[in-house]
Amino acid sequence: MRYWLMKSEPEAYGIDDLARDGVTAWWGVRNYQARNFMRDQMSVGDRGFFYHSNCAEPGIVGIVEVCKLAYPDTTQFDRKHKYFDPKSTPENPRWLNVDVKLVKKTRLVSLAELRRHKELAHMRVLAKGNRLSITPVDPAEWAFITKHLLGKGIK
DNA sequence: GCCAACGTTGGC
DNA sequence: GCCAACGTTGGC
C-alpha cells in the first residue's frame with residue numbers, strides 16, 4: 001500500500017470530471033518514470049492526492065484510490081487523439097494507465113499552503129523544476145496532510 | 001505570456 | 001555514448 005500525488009490539468013480532466021464519472025483511466029501519461037510508477041509500484045487500494053496543475057489555483061483537490069492495475073492506455077492507438085503514439089503497437093504498447101476512483105473531493109489545499117509546512121518540505125511536488133506528473137508521497141506526509149490539513153474522516 | 005527546469009531526440 | 005537543440009511542463 002503506497003501513497004501518490006497525481007497531477008491533472010483541470011482544463012483537461014479535473015476533480016469535477018471525476019466526481020461526475022466516479023472512476024477514470026489515468027490516461028495521457030507520456031513520461032517513462034511516471035509510467036513505471038504505475039506499472040511497477042501501484043497496487044489496487046493505493047491512495048493518491050488528486051492535484052490540479054497548470055491552472056490559476058494549483059493544489060490538492062481530492063483523494064483517489066487505485067482500482068485497477070496498469071494496462072495499455074487506449075489513447076496511444078487513437079490516430080486522432082492528442083496522445084496518439086505512432087511508435088506504439090497493441091502487441092507492444094508503450095504507455096499504460098491505472099484506473100482510479102474518487103474517494104472524496106476535498107477543499108483546495110493550495111501549493112502555497114503546502115509550502116508553508118516544514119513537515120512537507122521534501123515533497124517532490126514542491127521541488128523546484130518538478131514536472132513529474134505522478135510522484136510517491138511519503139506515508140508521514142500523507143498522514144500530515146490528511147490529518148492536519150484535511151481533518152477528520154479520511155484514513 | 002514568460003521562462004527555468006527538465007526529458008527526449010537525433011546527428012555525429 | 002555525448003550533447004546541443006528542441007519541445008513540454010507548470011508556477012508565477
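Below, read A as the first sequence line, B as the second, and so on, with proteins coming before strands; counting in each chain starts at 1.
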Take the angle between the ring planes of Phe50(A) and His52(A) and call it parallel below 30°, perpendicular above 60°, tilted in between. perpendicular
Residue-phosphate contact under 4.0 Å: Tyr51(A) side-chain N/O, dG11(C) OP1/OP2: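 Yes, within the criterion.
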Can you find a side chain N or O atom of Lys7(A) that sits less than 4.0 Å from OP1 or OP2 on dG10(C)?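 For dG10(C), OP1 or OP2 has a side-chain N or O of Lys7(A) closer than 4.0 Å.
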Both conditions, 6.0 Å and 45 degrees, for the charged tip of Lys68(A) above the ring of Tyr71(A): are they met here? yes
Let's see if you can work this out: which of [options] has an atom nearest to the side-chain heavy atoms of [X]?
{"X": "Glu9(A)", "options": "dG7(B), dC12(C), dG10(C)", "answer": "dG10(C)"}
{"X": "Lys87(A)", "options": "dT9(B), dC12(C), dG10(C)", "answer": "dT9(B)"}
{"X": "Ser53(A)", "options": "dA4(B), dG10(C), dT8(B)", "answer": "dG10(C)"}
{"X": "Gln33(A)", "options": "dA4(B), dG7(B), dG11(C)", "answer": "dG7(B)"}

Starting at [atom1] of [X] and ending at [atom2] of [N], how long is that distance when rounded to a whole Å?
{"X": "His52(A)", "N": "dT9(C)", "atom1": "NE2", "atom2": "P", "result": "17 Å"}
{"X": "Asn130(A)", "N": "dA5(B)", "atom1": "CG", "atom2": "C1'", "result": "10 Å"}
{"X": "Met6(A)", "N": "dT9(C)", "atom1": "CE", "atom2": "P", "result": "16 Å"}
{"X": "Arg115(A)", "N": "dG10(C)", "atom1": "CZ", "atom2": "P", "result": "13 Å"}
{"X": "Leu114(A)", "N": "dC12(C)", "atom1": "CG", "atom2": "P", "result": "11 Å"}
{"X": "Ile134(A)", "N": "dT9(C)", "atom1": "CD1", "atom2": "P", "result": "14 Å"}
{"X": "Glu11(A)", "N": "dT9(C)", "atom1": "CD", "atom2": "P", "result": "13 Å"}
{"X": "Asn54(A)", "N": "dG7(C)", "atom1": "CG", "atom2": "C1'", "result": "15 Å"}

Tell me the closest heavy-atom pair linking Trp4(A) and Val137(A), and the distance in Å.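 Closest approach of Trp4(A) to Val137(A): C-CG2, 3.5 Å.
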Mind listing the closest non-hydrogen atom pair of Thr89(A) and Phe77(A) along with its distance?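 Of all heavy-atom pairs spanning Thr89(A) and Phe77(A), the closest is C-CE2, 3.4 Å.
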What is the distance from atom CZ of Arg124(A) to atom CD1 of Ile134(A), rounded to the nearest 0.5 Å?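 Between Arg124(A) CZ and Ile134(A) CD1, I get 11.5 Å after rounding to 0.5 Å.
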Using heavy-atom distances to pick each residue's nearest nucleotide on DNA chain B, tell me which of Arg94(A) and Lys128(A) is more 5'. Lys128(A)
